[in-house]
Amino acid sequence: MSETHTPRPPVDDRGRMKAIIVVTAAIAFVMSPVVSQSFGGFAPEQFPIPQDHPPAQPAGYAFAIWSLIYGWLIVHAVFGLVKRADAKDWDATRWPLAISLVLGAAWIPTALQSVLVATVLIWLMMGTAVWAFLAAPTRDYWWAKVPLGLYAGWLTAASWVSIALVGAGWGIGPGALAWAWIVLVLALLFAAAVLTRAGRAPEYAAAVAWAAVGIAVANFGSQTLLAMAALLGAAGILALSLLARN
């Protein structure tokens with residue numbers, strides 16, 4: 001009696017190719033601070049009006065979150081290639097994530113040369129990162145949703161901080177302190193809108209809250225009211241995420 005074999009489903013070469021592109025982009029993104037230099041904020045002299053310790057910028061330690069984001073993005077990309085290359089739910093994240101990572105690979109060299117171009121670039125990175133995060137599958141929570149949420153959340157905060165620095169650094173409208181208040185409110189509202197769409201997403205909220213706490217730490221003793229507002233904002237965005245329905 002001859003054995004019958006169930007044919008294997010065809011391999012989606014396009015999905016695998018996109019997964020390879022994500023891995024390549026993630027490696028380029030992670031290597032960027034190695035081949036250029038690490039980034040802990042714009043230099044004061046990069047602005048027409050020097051921004052020395054701007055109140056909108058988190059304390060330096062907060063940028064350490066990049067180590068976690070870099071590592072988890074590599075894990076995400078490799079898992080996606082090895083285990084989910086043909087998965088349709090993973091496929092929805094790949095183009096926006098690849099675009100964001102390719103832009104990110106060029107961001108540090110750009111930021112060292114031009115604040116304005118870097119600001120445009122980080123908004124494009126953030127937009128595509130949020131797109132990828134919202135499209136991420138929930139079945140592989142730790143492999144997909146968490147790394148993309150951390151990445152998108154930190155970029156949300158960083159994008160709005162860039163707006164404050166450009167506004168104050170080019171003398172547009174109010175001064176640096178007023179810009180810090182404006183972007184704190186706008187960043188939290190933007191994050192709340194993303195969470196309204198995403199549902200329960202503590203990973204995204206945690207990255208935004210981490211940045212807000214960094215702003216609080218940077219301003220205690222000099223701008224205590226702003227620091228307290230940033231702490232309340234961090235608590236509020238975490239609460240919103242935890243109370244949201246999936």
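Start at 1 with the first residue, then count along the sequence.
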**Asked** Any salt bridge (charged side-chain N to carboxylate O under 4.0 Å, His left out) pairs touching residues 140-162, not counting sequence neighbours?
**Response** Arg84-Asp140
**Ile99 CD1 to Ile21 CD1 distance, which is reported to the nearest 0.5 Å** = 10.5 Å
**Message:** Using every non-hydrogen atom in the two residues, find where Gly149 and Ala207 come nearest and quote the distance to one decimal.
**Reply:** O-CB, 4.5 Å
**Request:** Find out whether Leu73 and Val30 are in side-chain contact, i.e. whether some heavy atom of one side chain is under 4.5 Å from a heavy atom of the other.
**Result:** no
**Request:** Would you give the length of the straight line joining atom CE of Met31 to atom CD1 of Ile108, rounded to the nearest 0.5 angstrom?
**Result:** 11.5 Å
**Prompt:** Taking C-beta and beyond as the side chain, do Ile69 and Pro147 meet within less than 4.5 Å on heavy atoms?
**Reply:** no
**Message:** Are more than 12 heavy atoms, taken from residues, nucleotides or ligands other than Trp143, located less than 6.0 Å from that residue's CH2 atom?
**Reply:** no
**Prompt:** Is the distance between the ring centroids of Trp142 and His76 less than 6.0 Å?
**Reply:** no
**Donor-acceptor under 3.5 Å (Ser241 side chain, Ala201 main chain)** = yes
**Request:** Kindly indicate whether the side chain of Glu203, heavy atoms from C-beta on, has any atom under 4.5 Å from the side chain of Phe133.
**Result:** yes
**Heavy-atom donor-acceptor pair, Trp181 side chain to Leu226 backbone, under 3.5 Å** = no
**Minimum-distance pair of heavy atoms, taken over all atoms of Leu155 and Ala129** = CD1-CB, 3.8 Å
**Asked** Just wondering, do Leu242 and Pro202 contact through their side chains at under 4.5 Å, heavy atoms?
**Response** yes
**Prompt:** Are Trp210 and Phe63 close enough, and set up right, to give a ring pair (Phe, Tyr, Trp, His ring centres under 6.0 Å), and what steps lead you there?
**Reply:** CA-CA 10 Å; Trp210 176 264; Phe63 291 88; over 10 Å; no
**Prompt:** For atom CZ of Arg139, is the number of surrounding heavy atoms from other residues, nucleotides or ligands below 6.0 Å larger than 12?
**Reply:** yes
**Asked** With a 6.0 Å cut-off on ring centres, are Trp90 and Phe79 close enough?
**Response** yes
**Asked** Any donor-acceptor pair under 3.5 Å linking the side chain of Gln57 with the backbone of Pro54?
**Response** no
**Prompt:** Atom CZ of Phe42 and atom CG of Leu165: how far apart are they, to the nearest 0.5 Å?
**Reply:** 6.5 Å
**Asked** When you measure from the side chain of Asn219 to the backbone N and O of Thr224, does any donor-acceptor pair fall under 3.5 Å?
**Response** no
**Asked** Under the 3.5 angstrom rule, does the side chain of Thr196 hit a backbone N or O of Ala192 as a donor-acceptor pair?
**Response** yes
**Closest heavy-atom pair and its distance - Ala212, Ala234** = CB-CB, 3.9 Å
**Asked** If you look at every heavy atom in Ala98 and Val22, which pair is closest and at what distance?
**Response** CB-CG2, 4.3 Å
**Item:** Thr110 (side chain) donor-acceptor with Ala106 (main chain) under 3.5 angstrom
**Value:** yes
**Inter-residue atom distance Leu148.CG - Trp131.CH2, 0.5 Å rounding** = 13.5 Å
**Item:** Inter- and intrachain pairs under side chain to side chain donor-acceptor pair (under 3.5 Å), touching residues 147-173, at least two apart
**Value:** Ser100-Tyr151, Thr156-Tyr204
**Prompt:** Measuring from Phe190:CZ to Leu195:CG, what's the distance to the nearest 0.5 Å?
**Reply:** 10.5 Å
**Asked** At what distance, to the nearest 0.5 angstrom, does CG of Leu81 lie from CE of Met17?
**Response** 10.0 Å
**Least distance between heavy atoms, Phe29 atom then Gly104 atom** = CD1-C, 3.3 Å
**Prompt:** Looking only at heavy atoms, which two atoms of Ala135 and Ala92 are closest? And how far apart?
**Reply:** CB-O, 3.9 Å
**Request:** State, yes or no, whether a side-chain contact exists between Ile49 and Gln51 at a heavy-atom distance under 4.5 Å.
**Result:** yes
**Asked** Between Arg94 (side chain) and Gly80 (backbone), is there a donor-acceptor pair under 3.5 Å?
**Response** yes
**Prompt:** Hey, does Trp179 have a side-chain heavy atom less than 4.5 Å from the side chain of Val166?
**Reply:** no
**Prompt:** Between Trp123 and Thr128, is a side chain to side chain contact (heavy atoms under 4.5 Å, CB included) present by the stated rule, with each step listed?
**Reply:** CA-CA 9 Å; Trp123 273 85; Thr128 47; over 6 Å; no
